[in-house]
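Beneath this line is the structure, given in structure tokens, with notes to follow.
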Protein chains: 2
Amino acid sequence: MAQPVPTGTSVRAEDLTAKARIRNAALDLFAERGEEATSLRAIASAAGVTVGLVVHHYGTKEALREAVELAVVERFSDAIASAPPEGTASEVVAARDRAVAEMLESSPAVVDYLRRAILDGRGQRRDLVTKLSELTANQVRDLRRAGLASTKHSLGEQVVTTMVRQLGRLFLQPLVDRIADEFDESLDGARRPQLVVGVRR
Amino acid sequence: MAQPVPTGTSVRAEDLTAKARIRNAALDLFAERGEEATSLRAIASAAGVTVGLVVHHYGTKEALREAVELAVVERFSDAIASAPPEGTASEVVAARDRAVAEMLESSPAVVDYLRRAILDGRGQRRDLVTKLSELTANQVRDLRRAGLASTKHSLGEQVVTTMVRQLGRLFLQPLVDRIADEFDESLDGARRPQLVVGVRR
DNA sequence: CGGGTTACTGTACAACTGTACAGCAGGTCG
DNA sequence: CGACCTGCTGTACAGTTGTACAGTAACCCG
């Protein structure tokens, strides 16, 4: 679990270790341009180091990607852990959804990276989506053990529902935004249509 | 508009011109791996030609991408044109939605390519999303002129609604499928949850 | 002090990239 | 016939890629 940082204090880039700066730069660039279109040199220069150091710390590009994914998963589990497990089942679920939503809102790079990860998923590779659904599954199991989640539906159904609820809107929003931009004279800010995403069982 | 092909007859690859085979191969590979990760040589060998010919016909990779996008837009407009513009407003809209849905179902590469295009949209570039929303806008304008679409809402709102309805589910489905695969013992085929995507105004 | 691990730079290299271009076969037109 | 165009191959080239590695500076531990 990540070392807690005093709330209200944003971490300044120069205070981080070069290794962390490289990982963060990689997350940003992977999210923005995609993994394939991002060179190790671009990551290095964004982090203020040389290619050599990137290789020194992470060995290969693939290993760097895994480190980035690990960091993303950690942000999720930290966000979930930050929500108090108190109150009724729906209160706990709502608090967790809110914590995840806040985390995603404050780090758009995570959203963009995730969107790509789900899109590109090589399918067989044990990847980010797998890790996240395991995290969600554990979350659901915990709630069940505490008697806070129903056991009427299967675990798989509950995981799908949770993830779609937490992520679905974020995935479709760029489509809506980009179309809205084409007609920007008529659709500004608050009047923008709200997306509805969910699953019917 | 594309030359009509006898229904029930699937076009065999060797009957197509090399230029068309190159464009089709590019669509497939761009959809599967993304544009950045697809080399001209890979496209050439998938089409059974050499790199030289790809350059000969399309000049640059960027021009090839534009040809691919044009072909995608054409598939949409052909699908829409194939739906009879008869009946009530909602009948016409439903028929068009059905025609688009059938086209998308029969060419998964188009779906995958579109997903990427929306994701990667460089924003400022006049790209596929722009072209498709223009196509949709024209479609809406036609329906309005025929008195088949309401003018209560703005054009932008109607375009967003239409595109989200036609495309939204397809974009999120891979997320659902991949999570469902993680729990494949419990979620098979028909019992898979149905996604609900729409906009609330 | 010395020895060793760690953080880091700079350079080197083979593989691959998009693009340019010379050349060739086959057809059409004058 | 020759001139010309089109479809096509093969090769060449400069630039970029991921990775390897030698070397240097800074640190810790004995």
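Remember, predicted model here, so these are calculated numbers, not experimental data. Residue numbers begin at 1 in each chain, while the letters A, B, ... track the order of the sequences.
- Scanning atom types as modelled, one donor and one acceptor separated by under 3.5 angstrom connect the side chain of Arg41(A) and the base of dT19(D).
- Here His57(A) does not reach the OP1 or OP2 of dT6(C): none of its side-chain N or O atoms lies under 4.0 Å away.
- In this structure, Leu53(B) places its CG atom 14 Å from C1' of dC24(C), rounding to the nearest Å.
- Distances shown here put a side-chain N or O of Ser39(A) below 4.0 Å from the OP1 or OP2 atom of dT17(D).
- Residue Ile22(A) contributes atom CD1, which lies 14 Å from atom C1' of dT6(C) at whole-angstrom precision.
- Out of dT19(C), dG18(D), dC8(C), the shortest distance to the side chain of Lys61(A) is found at dG18(D).
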Notebook entry, point to check: Going through the distances and angles, do Leu135(A) and Ile80(A) end up as a side-chain contact (heavy atoms from CB on, under 4.5 Å)?
Noted result: CA-CA 10 Å; Leu135(A) 178 66; Ile80(A) 290 168; 4.3 Å; yes

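- Per the geometry, CD belonging to Glu36(A) stands 13 Å off P belonging to dC16(C), to the nearest Å.
- Minimum atom distance to the side chain of Thr50(A) is reached by dG10(C), of the listed dA7(C), dT19(C), dG10(C).
- Judged by distance alone, the side chain of Arg116(A) and the main-chain N or O of Glu32(A) form a donor-acceptor pair under 3.5 Å.
- Within a 6.0 Å radius of CZ in Arg75(A), other residues, nucleotides and ligands contribute 12 heavy atoms or fewer.
- Straight-line distance from the CG atom of Leu40(B) to the P atom of dG18(C): 4 Å, rounded to whole Å.
- Of the candidates dA7(C), dT9(D), dG7(D), dA7(C) carries the atom nearest the His56(A) side chain, counting heavy atoms from C-beta on.
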Notebook entry, point to check: Yes or no on side-chain contact (heavy atoms from CB on, under 4.5 Å) for Leu132(B) and Leu114(B), after CA distance, side-chain angles and deciding distance?
Noted result: CA-CA 10 Å; Leu132(B) 277 181; Leu114(B) 262 175; 3.4 Å; yes

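- Within 4.0 Å of Val51(A), counting heavy atoms only, lies at least one base atom of the nucleic acid.
- Comparing Lys19(A) and Thr60(B) by the nucleotide of DNA chain C that holds the closest heavy atom to each, the one mapping nearer the 5' end is Lys19(A).
- Atom CD1 in Ile43(B) sits about 11 Å away from atom C1' in dG18(C), given to the nearest Å.
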